2 protein chains.
Amino acid sequence: MSGEDSEDGDPAERRSPTIYDVAEAAGVSPSTVSRAFSRPGRVNARTAERIRDVAHDLGYRVVPLARALPVGRTSMLALVVADATNPFHFDIIRGAQDAATKAGYTVLLADTRESDLVERQALERTLPMVEGIVLASSRMSDSTIRVTAKQRPMVVLNRVVTGVPSVVTDISSGARRAIDHLRGLGHDRFTYVAGPEASWTDGMRWRELREAARGAGPKVRRIGPFPPTLEGGVEAGRALRREPTSAVVAYNDLLAIGLMGELIGHGHRVPDDFSVIGFDDIFGAQLVTPGLTTVAAPLYQVGSTAVGHLLAVLNGARPQTETPLVVPTSLIRRRSTGPHGTDPVA
Amino acid sequence: MSGEDSEDGDPAERRSPTIYDVAEAAGVSPSTVSRAFSRPGRVNARTAERIRDVAHDLGYRVVPLARALPVGRTSMLALVVADATNPFHFDIIRGAQDAATKAGYTVLLADTRESDLVERQALERTLPMVEGIVLASSRMSDSTIRVTAKQRPMVVLNRVVTGVPSVVTDISSGARRAIDHLRGLGHDRFTYVAGPEASWTDGMRWRELREAARGAGPKVRRIGPFPPTLEGGVEAGRALRREPTSAVVAYNDLLAIGLMGELIGHGHRVPDDFSVIGFDDIFGAQLVTPGLTTVAAPLYQVGSTAVGHLLAVLNGARPQTETPLVVPTSLIRRRSTGPHGTDPVA
DNA sequence: CAACATATGGCAACTTCTTGCCGGGCCCGT
DNA sequence: ACGGGCCCGGCAAGAAGTTGCCATATGTTG
């Protein structure tokens with residue numbers, strides 16, 4: 001009376017084999033198959049090998065989803081970046097990716113296009129699937145971040161949110177190096193070209209530069225804020241030319257590059273008329289003419305450190321919420337900085 | 001003797017609510033809750049609303065994994081790129097990302113670091129979790145790709161594999177435009193700087209360039225292969241200087257940029273001594289001095305087209321395996337090309 | 001050789017959600 | 001007024017694994 005499905009031997013409709021199929025073929029119970037894969041040692045070595053052979057013959061592969069359900073471990077991490085097309089994120093992505101892969105984790109990438117709404121939606125969607133989150137250049141408020149961090153282990157990058165572990169670059173020593181370099185070249189006055197107001201990093205960079213310049217150092221001035229893009233740099237260039245200083249430090253490389261372009265486009269020479277320093281050493285900093293002197297951040301390391309800490313937390317370590325994890329910076333000297341023009345060196 | 005866990009009422013250990021909790025609180029059965037969320041219309045509007053309210057109060061959220069298990073739909077796509085730090089991929093990633101998100105899909109990114117072994121492992125791991133795959137710049141053999149394509153819907157980028165849908169840029173018209181441009185500037189002889197031998201794109205570019213140059217066109221020569229990186233470009237520059245031609249077309253922008261750097265570093269002028277054209281218009285092509293003339297590919301569109309087709313296939317459309325989907329290219333004229341030096345124009 | 005410890009496999013319950021089928025209540029047509 | 005359909009909610013059987021607990025078989029020890 002019931003509909004009779006002929007399902008025997010239809011090759012087109014074979015679904016992928018399960019542990020039950022393997023179990024039957026190997027003459028053991030499904031639980032033994034399960035253990036043969038997920039609990040090495042728990043099952044007799046010979047039995048295990050036989051099971052693996054049978055499984056291989058059948059083309060069996062564990063469905064991670066089904067495994068994840070009972071144990072609650074998806075082996076996935078979310079990496080949320082504000083802009084996947086910003087070279088700043090490239091190495092972070094790869095660093096995170098590598099560290100995750102090495103630990104058997106898969107990364108789920110979300111590009112939020114600089115929008116905190118999109119960012120929230122992305123989190124909404126990915127959060128239940130992942131075990132942990134890395135937030136790079138988040139555009140959300142501290143409090144939203146803290147709320148989210150309660151639901152899953154989280155690490156934020158280049159930003160400090162109390163109560164949430166973070167990875168930042170050593171801005172302080174980077175700033176000092178930049179100032180020392182400039183001073184060594186005879187500059188006694190420089191301009192800081194500020195990035196977005198909401199950026200934690202921007203505030204820090206300005207603060208540390210001022211700090212480093214205190215005392216015997218050069219005088220500092222600040223213009224901005226400007227959007228941290230090439231276009232922002234062009235804007236900044238115009239502003240700078242109205243009140244020039246012989247040296248300028250930009251919030252980031254993109255801004256610095258845009259700025260240099262504008263200056264050179266208006267007949268100024270870099271570094272003869274203006275010495276320019278950026279931050280981050282992104283792809284492109286060494287391509288422009290002249291090559292950009294910049295405070296390099298080991299972006300790859302930022303990504304891998306973040307994932308490393310996240311994984312540690314997932315394995316029971318206490319999240320480091322007191323002080324941020326800091327990765328070292330270094331000054332890369334290229335051609336965009338030179339001796340102060342009013343004092344032509346021999 | 002055993003450690004006593006007090007777990008009652010411990011707020012830290014509450015697991016997230018399930019449809020059962022919601023069902024109980026709302027006084028309906030779990031299946032009704034399930035339907036209230038996944039089968040709109042199937043359940044009475046008032047009941048549905050009540051359920052949603054209760055669910056919201058409880059902070060319930062569907063666990064996509066658990067949903068995926070019975071229906072076999074994970075709403076995830078894998079995007080496999082050869083090198084996540086290559087600017088070539090940035091816009092592809094974002095294009096894919098956007099298209100996927102718009103359709104409610106999440107993308108899982110895998111960086112294979114130019115290794116076909118890593119690529120295979122990445123596929124191994126991600127394949128069972130995703131509904132479809134986009135392969136950008138795969139380093140695997142055609143046959144391996146075909147085998148994988150049997151397991152999941154797949155689209156390959158910038159490569160044609162018979163039997164597998166693909167998205168490619170319009171190389172032929174791009175090549176023609178490049179040649180016409182060069183000819184218009186008076187060049188009657190140029191060098192093609194080849195990329196990796198295994199690259200399908202490289203073969204095509206060379207073929208189409210030669211084709212476009214046939215007849216009244218300029219004479220063409222080919223050097224290489226070189227790795228498609230800045231360093232490869234430096235190498236290529238050395239080779240070119242041994243047997244110069246006034247114009248050169250490089251496999252991609254990275255190579256072109258490296259090449260220009262080498263030439264300029266050795267006292268040659270671009271475009272006065274050498275006109276240089278690249279392919280792709282990656283980030284950085286407009287940054288270098290002189291700005292690089294290049295055959296631009298709408299990389300964002302490549303990514304979104306690929307995902308678009310993939311989603312169509314998942315929704316039952318027939319995969320387009322006969323002819324590749326092609327996106328248009330255009331020539332972006334910048335400062336790296338100029339009139340042939342032996343014929344100084346007024 | 002008996003008593004106990006250990007290794008190994010099986011049973012069945014559990015993870016969260018979906019869905020085919022069933023049935024009670026209500027409305028409608030005749 | 002009564003039978004036939006709809007509408008809507010519930011039951012229970014999956015989807016593919018994991019794992020606590022138990023039952024053997026085997027090994028070890030006194």
Side-chain angles (χ1 to χ4, degrees), chain A residues 1-5 7 13-52 54-55 58-76 127-131, chain B residues 2 5 7 13-52 54-55 58-75 127-131:
Chain A
M1 194 167 261
S2 61
E4 276 212 16
D5 320 310
E7 76 253 58
E13 216 232 319
R14 67 162 190 291
R15 24 160 223 91
S16 47
T18 73
I19 48 168
Y20 296 93
D21 303 321
V22 177
E24 193 175 349
V28 295
S29 91
S31 43
T32 306
V33 176
S34 169
R35 283 196 272 253
F37 284 106
S38 57
R39 201 57 56 95
R42 178 62 224 278
V43 54
N44 185 298
R46 277 207 306 284
T47 318
E49 189 170 356
R50 184 160 47 91
I51 291 177
R52 267 194 297 275
V54 172
L58 289 168
Y60 166 79
R61 40 194 10 154
V62 19
V63 176
L65 249 81
R67 162 173 285 174
L69 191 46
V71 279
R73 287 197 45 218
T74 60
S75 294
M76 292 199 281
L127 204 128
M129 304 207 271
V130 301
E131 295 178 42
Chain B
S2 61
D5 320 309
E7 76 250 64
E13 217 233 318
R14 66 161 189 290
R15 26 158 223 89
S16 46
T18 73
I19 47 168
Y20 293 94
D21 302 322
V22 177
E24 193 176 348
V28 294
S29 92
S31 42
T32 306
V33 176
S34 169
R35 284 195 273 254
F37 284 106
S38 57
R39 201 57 54 98
R42 176 63 223 277
V43 53
N44 186 297
R46 277 207 307 283
T47 318
E49 188 169 358
R50 185 159 46 90
I51 290 177
R52 268 195 296 276
V54 173
L58 261 55
Y60 166 79
R61 39 194 12 156
V62 19
V63 177
L65 251 80
R67 161 172 287 175
L69 189 47
V71 283
R73 287 196 43 217
T74 59
S75 294
L127 203 128
M129 303 207 270
V130 301
E131 296 178 42

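Keep in mind it's a predicted model, so treat the numbers as computed, not measured. Within every chain, numbering begins at 1; the chains are lettered A, B, ... in the order of the sequence lines, protein sequences first and strands thereafter.
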Closest heavy-atom contact between [X] and [Y]?
{"X": "B:D21", "Y": "B:T18", "result": "OD2-N, 2.8 Å"}
{"X": "A:A26", "Y": "A:I51", "result": "CB-CG1, 4.4 Å"}
{"X": "B:L58", "Y": "B:A25", "result": "CD2-CB, 4.3 Å"}
{"X": "A:S29", "Y": "A:A23", "result": "C-CB, 3.7 Å"}
{"X": "A:A66", "Y": "A:P70", "result": "O-CD, 2.9 Å"}
{"X": "B:P64", "Y": "A:P128", "result": "CD-CB, 3.6 Å"}

Could you state the [atom1]-[atom2] distance from [X] to [N], rounded to the nearest angstrom?
{"X": "B:R73", "N": "D:dA16", "atom1": "CZ", "atom2": "P", "answer": "17 Å"}
{"X": "B:M129", "N": "D:dA16", "atom1": "CE", "atom2": "C1'", "answer": "15 Å"}
{"X": "B:E49", "N": "D:dG9", "atom1": "CD", "atom2": "C1'", "answer": "18 Å"}
{"X": "A:E24", "N": "D:dA16", "atom1": "CD", "atom2": "C1'", "answer": "16 Å"}

Is the closest side-chain heavy-atom distance between B:Y60 and B:V54 below 4.5 Å?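 Not touching, per the 4.5 Å side-chain cut-off.
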
Close residues, residues 29-40 of chain B, relative to DNA chain D [heavy-atom separation under 4.0 Å]: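 Going residue by residue through residues 29-40 of chain B, the ones with a heavy atom under 4.0 Å of DNA chain D turn out to be B:S29, B:S31, B:T32, B:R35.
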
Can you list, by residue number, the residues of residues 41-48 of chain B that have a non-hydrogen atom closer than 4.0 angstrom to DNA chain D?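 B:R42, B:V43, B:N44, B:T47 - these, ordered by number, are the residues of the stretch whose heavy atoms sit under 4.0 Å from the strand.
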
Measure the spacing between [atom1] of [X] and [atom2] of [Y] and express it to the nearest 0.5 Å.
{"X": "B:R52", "Y": "B:T47", "atom1": "CZ", "atom2": "OG1", "value": "10.5 Å"}
{"X": "A:N44", "Y": "A:T32", "atom1": "CG", "atom2": "OG1", "value": "10.5 Å"}
{"X": "A:R42", "Y": "A:S34", "atom1": "CZ", "atom2": "OG", "value": "10.5 Å"}

Residue set satisfying side chain to side chain contact (heavy atoms under 4.5 Å, CB included) with B:T74, at least two apart, ordered chain then number -> A:L65, B:A68, B:M76, B:E131

Determine to 10° how strongly the helix from C:dC1-D:dG30 to C:dT30-D:dA1 is bent, judged from the axes of its five-pair ends.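 The two end axes of the helix from C:dC1-D:dG30 to C:dT30-D:dA1 meet at 40°.
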
Once salt bridge (charged side-chain N to carboxylate O under 4.0 Å, His left out) is applied, do any residues pair with A:R50, and if so which ones, sequence neighbours excluded?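 So A:R50 forms no salt bridge (charged side-chain N to carboxylate O under 4.0 Å, His left out) with any residue.
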
Filtered N/O pairs between nucleotides 14-16 of chain C and protein, under 3.5 Å:
| from | atom 1 | to | atom 2 | distance (Å) |
| --- | --- | --- | --- | --- |
| C:dT15 | O2 | A:P70 | N | 3.4 |

